[in-house]
Structure formats: C-alpha cells, structure tokens
Amino acid sequence: METDSLTTEVLKQIAEKWQLEWEKQKAFQINEEEGKPKFYLLEMFPYPSGNMHMGHARNYSIGDAFARFKRMNGFNVLYPMGFDAFGLPAENAAIKNKINPKEWTEKNILSFKQNFKKFGSSYDWRREVVTCNPEYYKWNQWFFLKFLEKGMAYRKKSPVNWCPSCKTVLANEQVEQGRCWRCKSKVVFKDLEQWFFRITDYSEELLEGLKDLEWPKEVKIMQENWIGKSEGILVDFKIKESGEKIQIFTTRPDTLFGVTFMVLAPDHPKLLDLVKGTKQEKEVKEFIEKSMHDRISGVLDQEKHGVNTGKYCVNPVNNEEISIYVGNFVLSEYGTGAIMSVPAHDQRDFEFAKKYDLPIKVVIQPQNQSLDAETMEKAFVEVGVLVNSQQFNGIKSNEAIKRMGDWLEEKKIGKKTTEYKIRDWLISRQRYWGTPIPIIYCEKCGVVPVNEKDLPIILPTDVQFTGTGNPIETSKTFTGVKCPKCEGKARRETDTMDTFVDSSWYFLRYSDPKNQKEPFSKQEIEKWLPVDQYIGGVEHAILHLLYARFFTKALRDLNLLEIDEPFNSLLSQGMVLKEGAKMSKSIGNIVDPNEIMDAYGPDVLRFYLLSVAMPETELDWSDQGVPAAFKFITRLWNAVNACIERKQGKSEQNTTATATLQDEYLNALTCKTVEEVTKRFNEKKFNLAVSNLSTLIDVLREYAETIKEPSEKQKEAMQDTAETLVILISPFTPHVSEELWQKLGKKGFASTNARWPEVKKYDSKVLETIEAYKKISEDVEKIKGIAKTSLSKAFIYLIPGELEKFRGLPAYLKRHSGLETIIFSTSDPSKYDPKNKSKSTKPGRPGIYLE
RNA sequence: GCAGGGGUGGCAGAGCCUGGUCAAAUGCGCUGGCUUCAGGGGUCAGUCUCUUAGGAGUCCGAGGGUUCAAAUCCCUCCCCCUGCACCA
C-alpha cells in the first residue's frame with residue numbers, strides 16, 4: 001500500500017537531493033549579520049592520507065550532529081574544516097611513487113572533500129585552511145621570527161635519533177626496537193644543532209590552566225604527568241679531593257641524613273674529569289659507553305648497574321664521606337643528573353645498595369614498627385618520623401621537609417626549586433614536506449633570520465626524492481642565498497618545522513582564513529575564540545593539545561590575541577574497533593565508510609555511529625548494527641508517513657470532545673522525549689537519546705493508525721509530534737529529516753530553519769497511567785477468550801491512591817473486552833496481606849482479577 | 001611500579017553521582033504469532049528460574065559491611081583496559 005516505502009535506494013536518492021539543495025542554497029554558510037550568540041565547534045582536522053576511514057567518520061558524525069543541534073538552538077555556529085597537509089606519509093609516498101608530495105596531498109584532499117560531501121557535512125568551506133599552502137605556512141615562519149626576537153625560539157645541540165643509512169632524523173615514534181622503521185638499520189644518537197621552542201617557560205601556566213578546562217579527566221592527568229612538576233631542593237655536595245661542588249636534586253630533604261652514596265648519570269658533565277688519570281678511568285669509560293649504547297639501541301635495562309668512581313664527596317649535613325658511583329638508572333636530563341642515594345628510603349637506591357653492598361642507614365621510622373637496616377627487604381618510601389638526623393630527630397617527614405629546606409637555604413648549601421619533566425620543543429626536522437625554517441647561515445654574520453618582507457620562504461620544487469637525506473638539499477635554487485645583513489655568501493636553513501607547529505594555531509586561522517596581512521585579526525579572534533567545543537581522538541591528548549595551548553599563550557604574550565586557553569571543552573572520542581581490535585590494514589578488519597554509504601546512504605552510517613556507543617567509549621563495529629540502523633530510519637519514516645496520511649483523512653465532526661487519555665499521553669510523551677533528548681545532546685551522549693526517540697516513534701505510529709477519524713485537535717497533535725520528532729532526529733539523520741520536513745509541509749530546511757523544540761513541563765502521571773493502562777489492556781486481551789464462555793465480570797484491582805489515574809478505563813475495557821460487568825475498585829480481591837510484607841513483597845502492580 | 005578508567009542479563013550498552021518506582025532502558029540475536037508476506041520487509045508478543053494467572057525465587061566480577069531497603073554507599077580481594085614508565 002505504501003507507494004513510497006523506504007528502500008536503501010530511496011534513502012540514497014534523498015541524501016543526494018538534499019546535499020544538492022544545501023549546496024545550491026548555501027545553507028551552511030555563516031551569516032555574520034544575524035547577531036546570534038556564537039558557538040565555535042571544531043573537529044581535529046585530518047591528515048589527508050588516502051581515504052577517510054571509520055575513525056574519521058565517527059569524529060565527523062559526532063561533530064556534525066552537535067553543530068546541527070547548536071544551530072537549531074539559535075547559535076551562530078562556526079564549523080570549519082581544513083587539512084593538516086604537511087607530513088611524512090606524503091614524503092614517503094613521493095619516494096615510493098616518484099611524485100611530488102604536493103600532488104599526492106592535493107589528490108587526497110580532493111578525495112577527502114568528496115567524502116565530506118557524500119557524508120552530508122555542514123561545514124562552511126569558505127574558511128578552509130590547508131597547512132601546506134604558502135598563504136598558511138608563511139605565518140608559521142612569521143611566528144618563528146617573532147619567537148626568535150623574543151628568545152622563545154633558540155638553537156642548541158641536542159641528541160636526536162639518526163638513521164645513518166637514510167641520513168635523516170627520525171621521530172621517536174619512528175624508531176622500532178632501536179632500528180629505523182623503514183630500512184631497519186640501527187638508529188644512533190647524533191648531536192645536531194636543532195631549533196627549539198621554549199615551551200618550558202610556560203610549564204607552570206600550562207599546568208595551572210588545566211584546572212579550569214572542561215576536559216576529560218584522563219587527558220588533564222596525562223598533561224599533568226607530562227609536565228611533571230615536583231618541588232624539591234638542590235643541595236651541593238663537595239668532592240672530597242678537589243672541593244668542587246656536585247649538585248643534586250631531591251624532593252625528600254628529610255632523608256638527607258640517610259645518604260650513603262652518590263650516583264651520577266653516565267653522561268654527567270663532571271664524570272670524566274672526576275676519574276681522569278685514576279685507575280677507575282678505564283672501567284668508568286667502558287661503563288659510559290655501554291650505557292650510551294644501550295640507550296641508543298633502545299635496550300630497556302631494568303637491572304641497575306653501576307661502577308665506583310673511587311672518589312668521595314661530603315654530605316653537607318653531617319660531613320660524612322660517601323662514595324661516588326656512576327649508574328645506569330640516573331637520568332641526565334632530569335634534575336641535575338646526579339642523585340643522593342638513600343637506600344633505606346628509595347627503592348632504586350635500595351636495589352643498587354644491595355647489589356654493590358653499600359651501607360643502608362635508616363633515618364625515617366614508620367609509626368608503629370621499627371625498621372632495621374640489616375633485615376629490610378625493601379625501602380620504606382613513605383613518610384614517618386625522623387631518626388639519626390641530629391637536631392631533626394622526632395620530627396615528622398612533612399614538617400622536616402619544610403624545616404630542612406629553610407635550614408639548608410640559611411646555611412647556603414641548598415636552594416629550593418621546582419623541577420618539571422617537560423622539555424623544550426624540538427621543532428627541526430630534516431625533512432622536505434614541511435614549513436621551511438626562515439633562517440640563513442652567513443659565513444660572516446652567523447645565524448641570520450630572514451627578513452619579514454621576504455616571507456614566505458617557499459618550499460623548492462626542484463628536488464629529488466631518493467629516499468636518503470633531506471630532499472631539500474638536492475634543490476639547486478634553494479640553498480644558496482645572500483646574507484640579508486651583509487649581502488655576503490650564505491646558506492639557507494634546510495630543516496623544516498615539525499608539523500605540530502602547523503596544527504598549533506590552525507584553529508585561530510579559521511576565524512580569519514583569508515587574511516593576507518596578518519595571521520588573523522584581533523577582532524576576529526575576539527569574535528570567535530576560544531573554541532567552545534573541540535572534538536578529536538585521545539591520541540592527541542598530550543602533544544597536539546599541549547602545543548596548541550602553548551602557542552596560544554605565546555601568541556598572547558606577543559600581543560596578538562587575548563585568550564589564555566584555546567579549547568574550552570574537549571570531547572575525546574573513542575576508537576572504532578572491529579572484533580575487539582583496532583581496525584587496521586594488517587589485521588584486515590577494515591570497514592570502509594564509503595562502502596556503507598554506497599549501500600545505505602550517509603544517514604544510516606551516521607545514525608549507526610552515533611547510536612551504538614557513547615562518543616567517548618570505544619565502538620566495536622558490528623555489521624549487524626547497520627541494517628538495524630536502517631530499520632530505525634524506516635520506522636521513523638513510516639511513523640511520520642502514517643501521520644501525514646491520517647491527516648488527509650476525514651475529520652470527525654464532533655470536535656468538542658475533551659482530550660482523551662491517548663492524546664494526553666502523546667503530548668506528555670513528546671514533552672518527555674524533548675526533555676530527555678535535549679539533556680542527552682547537551683551531555684553529548686547521543687546514543688542515549690535513541691531509546692527515547694524509539695519509543696516516541698512507535699507511539700506516534702500507533703496513535704496515527706488507531707485513530708480512524710481524527711479530530712482537528714488530534715491532527716494538530718500528530719503534526720506537532722511528527723515535526724518535533726523530525727527535528728530531534730535530524731542531527732543523526734539530516735537527509736531523511738529534510739525529506740520528512742518537506743513532506744510535513746514545512747518550508748525551508750529543517751537543518752537551518754527549524755528551531756529545536758522547547759522543553760516544556762508535562763504531567764509525568766499521565767505517562768505512568770498509560771503505561772499501567774497498557775499493561776491492563778494486555779491483560780484484557782488475555783481475558784477476552786474466557787469472558788465469552790463463562791465470565792461476564794471482571795474485577796479490577798488497583799493499588800490505593802492510583803484510582804484517579806484511571807478515569808475512562810472501565811468504559812474502555814467494556815468496549816474492548818466484551819465483559820458485561822466490570823468492577824473497578826481499590827479494595828483487594830486477592831490474598832494480598834499488607835501485614836505480611838516480606839522483604840521482596842512489593843505493593844503490587846495494577847492488574848485485573850476475575851471474580 | 002605509579003596514575004586514570006572499567007567489570008551489569010546470549011551479545012552490545014544504559015542505570016550507579018542524587019539507595020527503594022530495577023528482573024534492570026534501548027538495540028542486536030533468538031523463539032513464536034500476525035500480515036494476500038510466497039525466504040531475509042512490516043508488525044505484535046516472548047526471551048534468568050518456577051507458575052494457568054495473581055505471584056514467588058535467584059541475579060548486576062568475588063567476599064564482607066552500612067541500611068527497613070543496595071546494581072547503586074563503604075571496605076577488602078580478583079580480573080581487564082589505557083597512559084607514563086628507573087623523574088630522585
């Protein structure tokens with residue numbers, strides 16, 4: 001009977017139709033004149049490698065749904081998209097396929113954009129940002145120069161992962177078990193002059209700023225750990241022979257009297273001097289070599305090793321002489337690269353002491369037991385009360401930490417300090433496909449920044465991709481330049497910037513993407529930033545999100561903008577799995593979103609991705625879920641169509657009748673659904689909205705089908721409910737919703753013209769009543785058969801106080817059950833004994849009892 | 001090791017903050033009925049155990065506790081995931 005029953009073909013046609021309409025009428029272009037409140041919604045922009053995968057599709061389903069929700073709620077939504085277009089895969093593709101990375105990237109961007117279109121994304125493409133365009137990366141270079149002026153960018157020697165065969169630096173992630181991921185040759189450490197950004201200047205602010213952000217707890221904690229703040233004290237120990245000082249860092253000055261030896265990192269700067277000419281020199285040198293080698297080759301040696309240097313230093317608090325060791329477990333890059341060892345109260349020191357038979361001295365006693373250095377099996381690392389600590393005996397650890405800190409400072413042998421684990425950001429890459437660093441090395445003047453007016457420094461195209469070395473160096477036009485200062489012979493920096501620089505400010509550029517004079521105007525930033533909702537994967541929890549926060553603060557201090565934090569609220573979406581494993585080519589469990597869209601259209605894919613799991617949790621892809629999503633959309637389609645048909649039917653003349661229970665129910669249920677769905681959307685728990693919508697769909701259809709000749713009022717109710725339903729579902733299934741919106745006789749787009757329904761008060765009692773009522777009706781159905789033979793009476797029992805809810809029920813029952821007499825009462829027909837309320841006896845549900 | 005998040009019915013996944021209305025939403029799967037439906041569409045019902053029905057019993061990782069009452073609060077233990085990993 002359905003001339004327009006929904007098939008996947010129809011669904012796909014609908015999608016195409018509305019995508020075309022949206023495009024034609026520029027539905028999602030921001031109208032800046034509207035004077036609505038702004039809402040900046042952003043998804044992490046993709047690296048355009050190959051095609052869109054399911055993880056992307058999920059990300060954009062979430063973002064697009066939320067954008068649509070916000071738009072319908074009266075916000076002027078900035079929802080842009082762009083491409084993180086610089087990066088290694090393009091360069092590797094270039095090496096492999098002998099094409100220019102630019103070509104490869106552009107091709108992929110095109111394919112991504114087609115995907116977005118097919119998906120029905122509601123971006124305003126006028127603001128597209130592509131990081132490999134000179135108009136964009138020019139500003140990377142400009143920022144670099146500004147940073148340089150302020151001392152925020154600097155150059156220093158730093159050990160990097162170096163593949164001797166490919167002749168290039170590798171990122172940490174590209175080192176697999178000590179070997180180059182591509183050519184499998186051993187990676188070595190190499191000291192190279194590298195450019196850094198001084199992110200450590202912002203350690204404290206980056207840490208403090210986390211507190212006010214609406215971010216997932218785990219992300220905040222990850223950043224906190226990465227910054228790794230710890231407060232402690234630097235203490236000078238004098239070398240016995242020379243009197244030279246070696247500084248150590250400790251967070252536990254309360255254990256200072258328990259120090260029994262010192263350990264230096266293998267690459268501690270004073271180590272070689274210390275052993276020079278001694279008989280330990282050879283052994284120490286061998287040890288250093290081995291340790292460095294282990295580190296280079298990525299050997300994770302949990303076992304603690306060390307060598308005695310034969311030298312002694314003096315513990316400044318008690319003048320005890322202690323041995324100086326070199327040990328593999330001491331890190332040169334944290335603290336001072338030297339530690340005081342308190343084996344009784346530090347597990348690592350304890351293990352080391354046991355191994356090399358070094359003294360153990362207890363200086364902290366726990367509350368209710370007594371430690372004995374001889375019999376201890378592990379270090380006591382908690383706080384306690386000081387012993388063997390001269391004037392500090394009897395003081396509790398926490399108090400002692402403070403008092404000894406003051407005391408050490410007073411005596412000028414210690415200095416309170418704060419240490420952070422975070423290191424400055426190494427931005428140099430010996431790679432082609434990135435932003436050239438705007439620096440010139442002059443034989444006379446040294447390091448000279450490029451003049452601002454010469455920006456952008458464009459990436460050369462006359463390069464060879466041989467697979468070894470930095471391709472830029474093969475350019476004949478790029479390297480040789482005149483010094484901007486002295487006009488003398490000079491050479492251009494061939495390193496490019498880490499691509500994380502590109503993604504550290506792209507969200508700012510969206511506010512003013514066409515600006516030729518500046519990276520962005522202050523007014524536009526003022527207007528749109530910060531990002532109200534940022535959506536992306538947890539894998540960026542540390543790097544990208546930390547760098548972007550740093551950049552925002554650094555640009556603020558350059559007076560380019562006035563915000564402190566870029567992303568107010570962060571949603572980190574879970575991975576898409578298949579059979580419990582991450583989708584990957586190697587496992588072969590990839591599901592291509594395009595296949596799903598080709599088979600069912602975008603709405604099914606979007607609905608599936610949103611309804612099957614909360615955005616934050618992992619989503620285990622199930623092939624069965626896809627037809628289920630289709631079924632849901634069909635049910636919606638049928639319900640709305642049932643309303644439309646019924647509306648066209650004859651109208652009952654007698655329209656004065658008061659609203660029936662069903663009318664009230666429909667009304668109340670609609671209100672409830674609006675309330676719930678709105679709540680769920682605000683919480684961004686889209687999947688939880690589905691069960692409510694599902695119920696409303698079924699009820700609406702039943703309502704429409706039951707009422708043969710609806711009154712005007714009832715027609716109105718159907719129309720209202722159907723409209724509401726279509727709006728509530730439209731963030732999930734925008735295309736079908738447009739179609740239904742049109743079918744319901746509405747003008748304009750549901751996407752842009754519909755207003756999200758208001759949350760109204762409703763009588764929850766009506767809902768309860770109907771649910772009980774339905775329950776009873778079911779029972780009536782069962783009784784029917786019996787009634788025809790012997791029974792003519794029904795006795796309805798309702799729990800006390802519920803009676804008034806069931807007005808109209810007896811008549812209904814009479815009509816439907818064929819019973820002649822119905823006794824409707826609150827008295828109890830069964831043997832229910834209120835006195836005998838055992839644990840699990842509940843007051844009883846409304847039911848029907850036969851007399 | 002440290003930190004964070006979890007363990008709910010055949011499966012996925014709510015509920016737990018704010019204890020009762022929870023045998024526990026919703027979807028999938030399964031079973032059966034209906035539908036001029038002639039194979040994967042639509043629809044209704046059932047789907048822990050017992051019961052003709054009313055109802056009863058057992059249940060939310062394990063074990064305790066608090067309470068008139070616990071999937072929900074507290075303690076202990078076991079297991080899983082994720083991040084950092086010798087940071088002094």
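Because the structure is a prediction, the values reported are computed rather than measured. Protein chains get the first letters and strands the later ones, always in sequence-line order, with residue 1 at the start of each.
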Problem set entry | Which residue lies more 5' along RNA chain B, comparing A:Trp226 with A:Gly337 via nearest heavy atoms | A:Trp226
Exercise. For B:rC44, does either OP1 or OP2 sit under 4.0 Å from a side-chain N or O belonging to A:Arg701?
Worked result: yes
Problem set entry | C1' atoms of B:rC37 and B:rC22, separation to the nearest Å | 38 Å
Problem set entry | B:rC84 base / A:Lys421 side chain donor-acceptor hit below 3.5 Å | no
Exercise. Distance between the C1' atoms of B:rC68 and B:rG9, in whole angstroms?
Worked result: 28 Å
Problem set entry | Watson-Crick/G-U partner (both atom distances under 3.5 Å) of B:rG42 | B:rC34
For this session: Give a yes/no on whether any side-chain N or O of A:Lys217 is located under 4.0 angstrom from OP1 or OP2 of B:rA3.
Result: no
Exercise. Choosing from B:rA88, B:rA25, B:rC28, which nucleotide comes nearest the side chain of A:Ile339?
Worked result: B:rA88
For this session: Identify which nucleotide among B:rG15, B:rC86, B:rG4 has an atom closest to any side-chain atom of A:Lys685, counting heavy atoms from C-beta outward.
Result: B:rG15
Seminar exercise, completed: Regarding the side chain of A:Thr251, the nearest nucleotide among B:rC86, B:rG4, B:rA88 is B:rA88
Exercise. Taking for each residue the nucleotide of RNA chain B with the nearest heavy atom, is it A:Ser230 or A:Thr634 whose nucleotide lies nearer the 5' end?
Worked result: A:Thr634
Seminar exercise, completed: Checking B:rA14, B:rA88, B:rG4 against the side chain of A:Met614 (C-beta onward), the nearest is B:rA14
